[in-house]
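Report on one structure; see the data block that follows.
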Amino acid sequence: MKNHSAKYLEQPFEYLKRKNGEAFDSEIVANWYKARAFVLNKFSHIAFLPGDVHHFHPIVMVDNECGLMLSVVRQLALYAHFLNYNENFPDIKGRKRTSITIISNNPNILDIIQKEEYLCNLPKYCSLTIEDKEPRNKDSYIDIEIEIVKTCPSISGDFEYLITPDEVKAFCDSHDSQQIFSIDTRRAIWTQRLYYVGSEIDNLPYEDIHDVERYSLALNIFQYREIRRGITPLIPKEVKYNTNVIKESLSNIFCSDCFETRYKAIEQYYSKSNTKIDNWKTFNSALCMSEHARWVSEKLIMGYRPLNEQERLTDDCLFGEEKTQYRKQLKSKVKDPAHIDICSLSDLLRIDPDNLKYDSFLMLSIPTIIKNERA
Amino acid sequence: MCSRISNRLLSSPNSFCQILGAFIKPSALAKTGWLIVIGFGILLMLQAYWKLIDTPTELYYLGCITVLTIFIISTCITLTDVYSLLKKEEALTRCQITILFAIGLWIIGFLLIFDINQNKSYYLALLIIGSMLGWIYKDTLKGITAFVHLRINHLLKIGDWIQVPKYNVDGEIRRVTLTTVTIYNWDTTTSSLPTSVLLTDHFINVQRMAEGKTYGRQMIKTFSINNKFIHPISLKDAEDIRKRLVLGDGPHYLQDNEVREGVLNIQLFRLYIYHWLMSHPDVSHKPWVLARWMDPDEHGTPLQIYIYLKKYDLPEFEWSQSQIIEHIITSLDWFGLQLFQSRSEVRETSEEKKEGSV
């Protein structure tokens with residue numbers, strides 16, 4: 001765990017609301033914090049470079065309807081996105097998805113994990129195997145696959161980990177509650193700020209996500225604008241009731257949580273000089289693919305879904321400002337939000353290439369964010 | 001350290017700070033400027049302390065204006081990069097004009113330093129030699145200008161795929177010199193062009209598109225629909241189409257309310273093709289997906305498909321294009337349509353008859 005500075009510690013999960021506007025139970029919120037602290041602590045050393053033949057396989061033991069363990073599953077789905085994931089690989093095994101196995105005897109486990117506080121929409125769109133049945137969504141573009149089993153499988157692989165309720169409870173008992181129940185938002189604040197740099201720079205080659213020269217030039221120069229802005233909390237008091245702002249802020253937290261694993265992956269290749277932007281440019285396309293996959297999983301967990309057939313056909317026939325408004329309207333539906341960008345990276349490249357610049361920009365900004373955070 | 005200060009200044013909204021930031025930015029050109037400064041410094045030291053060499057004063061003046069020009073150009077190039085990120089058109093123009101102005105000043109400075117006008121015989125000799133050399137090496141000089149222009153503006157590099165329609169050149173650049181560009185054509189022949197041709201004539205650099213750095217590779221195909229088969233659909237037709245394309249398994253490309261009695265079959269066909277293309281994994285939505293009717297002519301009513309495919313490699317592109325064409329031809333039948341076919345068999349028969357009569 002990093003050294004915390006009190007002024008950067010925030011409790012953002014408290015502000016999240018259910019789709020019907022009600023607050024989540026305090027126990028659920030507490031489980032989210034515990035699961036986040038546990039997962040980040042236990043798995044921060046895992047990192048894969050593009051082309052790595054291994055894949056991460058956590059096996060989570062869920063007792064009946066144990067909220068804490070299901071929160072661990074949720075946190076794993078938010079966190080475990082690696083650079084060796086390749087959505088275009090013809091063979092499914094070669095795609096190197098993170099495989100999460102849930103051990104549970106509860107016959108209703110699928111309904112439970114699809115609750116708003118756990119995986120929400122993710123199981124509907126990712127590859128899902130229940131016992132020995134044929135997997136659903138086998139060809140899914142999502143880099144997480146879920147398997148539900150009744151008995152514990154044999155653990156033999158290099159990156160297979162069994163997570164038991166006792167282990168998580170022991171972790172929570174042995175750690176300071178302030179460390180667990182508050183989040184250091186420094187990285188998330190920087191992520192948000194550099195995301196804004198990306199959105200302010202107009203003339204970036206969005207049609208060419210691999211043209212990293214202009215991104216790095218913009219980052220090198222315009223980060224200083226953000227440095228001048230001084231320290232502000234990630235979620236200021238006045239926006240605590242604005243659901244969209246809360247979701248955006250949480251997205252920045254989930255995004256910055258994954259920086260460590262990416263940083264470690266680049267470190268494997270470049271040793272100590274991994275804070276140089278030039279070193280990150282080499283892996284830009286893999287970083288973008290992994291970030292898009294992470295973003296898709298996060299959005300599905302946060303309750304968004306891809307456009308359905310009817311919405312897609314309507315979207316096809318709209319143009320210009322009307323199309324933009326329609327997409328915004330779908331996105332901001334409180335009960336059932338839909339997002340056009342929830343698709344594979346190759347589909348995004350043809351459907352909404354303008355938005356690709358954000359992935360590339362954010363990934364290239366990781367060394368800058370880490371440097372600024374240290375300063 | 002210098003780079004950090006420079007970036008900090010460049011990020012400022014104040015123009016003066018931006019210019020200062022660009023001035024101290026350690027670019028390659030600025031480094032050349034500093035090298036010249038160091039070179040002249042060494043010369044000065046050699047002359048002042050050890051009197052080892054006797055350097056003419058003009059050389060120092062020339063050095064000064066050269067260094068100044070290099071710094072101005074380097075500053076303008078850095079500012080051009082920054083302003084182009086922010087799409088500041090006016091500032092970009094100012095930078096380009098300043099570069100030209102700096103070069104002009106260097107030429108005037110050169111003429112003044114060497115005081116060419118004072119000695120008329122020297123001036124005349126220089127003029128004659130200059131004219132002769134200019135005439136003899138006119139293509140070389142044009143080539144050098146073209147080479148510098150193409151390189152500074154990143155218009156060309158070895159390995160680029162270029163097309164020069166006027167000279168029927170279509171291939172990959174193998175060698176670029178001050179005077180000649182060598183191109184290996186796709187028909188496995190080799191072409192050599194004077195570099196100046198690429199400045200004066202129109203050429204197409206296909207490289208960015210071939211590398212997949214554009215929205216896609218353009219596909220334009222026109223299908224002439226036989227007018228005889230255009231008609232409003234009946235209730236039965238509507239039911240058949242609905243059964244096949246709206247209620248069947250798999251993805252659907254028509255909305256239920258679009259398929260109704262009385263709608264023209266070509267309208268439904270166009271809608272179907274448009275939605276199908278929008279969902280096709282190889283078709284880019286940007287810059288556009290067009291399925292449009294062209295002017296009807298004696299061959300029928302042409303439907304033009306104007307799209308960009310995310311397949312850049314020629315064999316892949318052609319494969320995907322062929323699949324799209326095949327699907328369009330197959331789907332014509334679902335709407336009771338047919339492509340126009342000139343009645344060649346009728347013509348052949350009449351020609352045969354004529355031959356027979358002769």
Side-chain angles (χ1 to χ4, degrees), chain A residues 88 141 197-198 200-229 277 285 307-320 323 340 343-356 361 368 371 375, chain B residues 3-13 17-18 21-22 25 78 81-89 92 154 208-209 211-216 246 250-258 271-272 274-289 291 307-311:
Chain A
N88 299 319
Y141 52 84
V197 169
E200 278 169 18
I201 307 301
D202 274 345
N203 204 11
L204 285 170
Y206 48 78
E207 78 281 9
D208 172 17
I209 60 161
H210 307 305
D211 190 352
V212 289
E213 296 305 325
R214 290 173 75 79
Y215 291 129
S216 55
L217 178 71
L219 264 175
N220 272 333
I221 293 172
F222 295 108
Q223 58 165 301
Y224 292 103
R225 276 190 189 175
E226 299 303 318
I227 291 173
R228 283 194 204 106
R229 278 177 52 197
I277 290 184
S285 48
L307 265 60
N308 62 30
E309 200 165 67
Q310 189 62 38
E311 288 161 346
R312 187 175 49 75
L313 291 174
T314 310
D315 181 77
D316 284 355
C317 297
L318 296 173
F319 303 95
K323 196 187 247 307
I340 182 85
C343 58
S344 64
L345 188 71
S346 46
D347 265 346
L348 188 69
L349 263 164
R350 60 180 200 88
I351 292 171
D352 198 11
D354 305 25
N355 272 331
L356 281 168
F361 206 87
T368 312
K371 247 194 285 178
Chain B
S3 176
R4 194 178 293 178
I5 296 168
S6 153
N7 286 338
R8 194 178 276 263
L9 287 167
L10 278 169
S11 74
S12 162
C17 290
Q18 288 174 349
K25 194 160 179 72
T78 306
D81 286 344
V82 175
Y83 291 143
S84 89
L85 283 172
L86 298 169
K87 273 191 183 170
K88 286 190 173 176
E89 302 287 346
L92 281 171
H154 310 292
R208 274 178 62 78
M209 189 276 288
E211 284 174 6
K213 292 181 175 178
T214 60
Y215 285 126
V246 182
H252 304 123
Y253 304 106
L254 279 175
Q255 297 189 60
D256 197 21
N257 60 354
E258 287 169 341
L271 274 172
Y272 170 79
Y274 175 69
H275 286 306
W276 180 77
L277 288 171
M278 289 290 277
S279 302
H280 194 285
D282 294 345
V283 177
S284 170
H285 288 202
K286 294 279 176 91
W288 51 67
V289 173
I307 52 174
Y308 293 81
L309 297 183
K310 299 294 289 179
K311 296 284 177 194

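Because the structure is a prediction, the values reported are computed rather than measured. Convention: sequence-line order gives letters A, B, ...; per-chain numbering from 1.
Counting heavy atoms from C-beta outward, A/N355 and A/D352 have side chains that approach closer than 4.5 Å.
Contact annotation for A/S346: neither backbone nor side-chain heavy atoms come within less than 4.5 Å of a heavy atom of chain B. Contacts between B/S6 and chain A at a heavy-atom distance below 4.5 Å are absent for every atom of the residue. Interface remark: B/L9 contributes no atoms to any contact with chain A (heavy atom separation under 4.5 Å).
In plain terms, the two heavy atoms of A/R350 and B/M278 that are nearest each other are NH1-O, 3.1 Å.
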Fill in: Check against side chain to side chain contact (heavy atoms under 4.5 Å, CB included), A/E311 and A/T314
CA-CA 5 Å; A/E311 288 161 346; A/T314 310; 5.6 Å; no
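Relative ring orientation between B/Y274 and A/F319 is described as tilted, the plane-to-plane angle lying within the 30° to 60° band.
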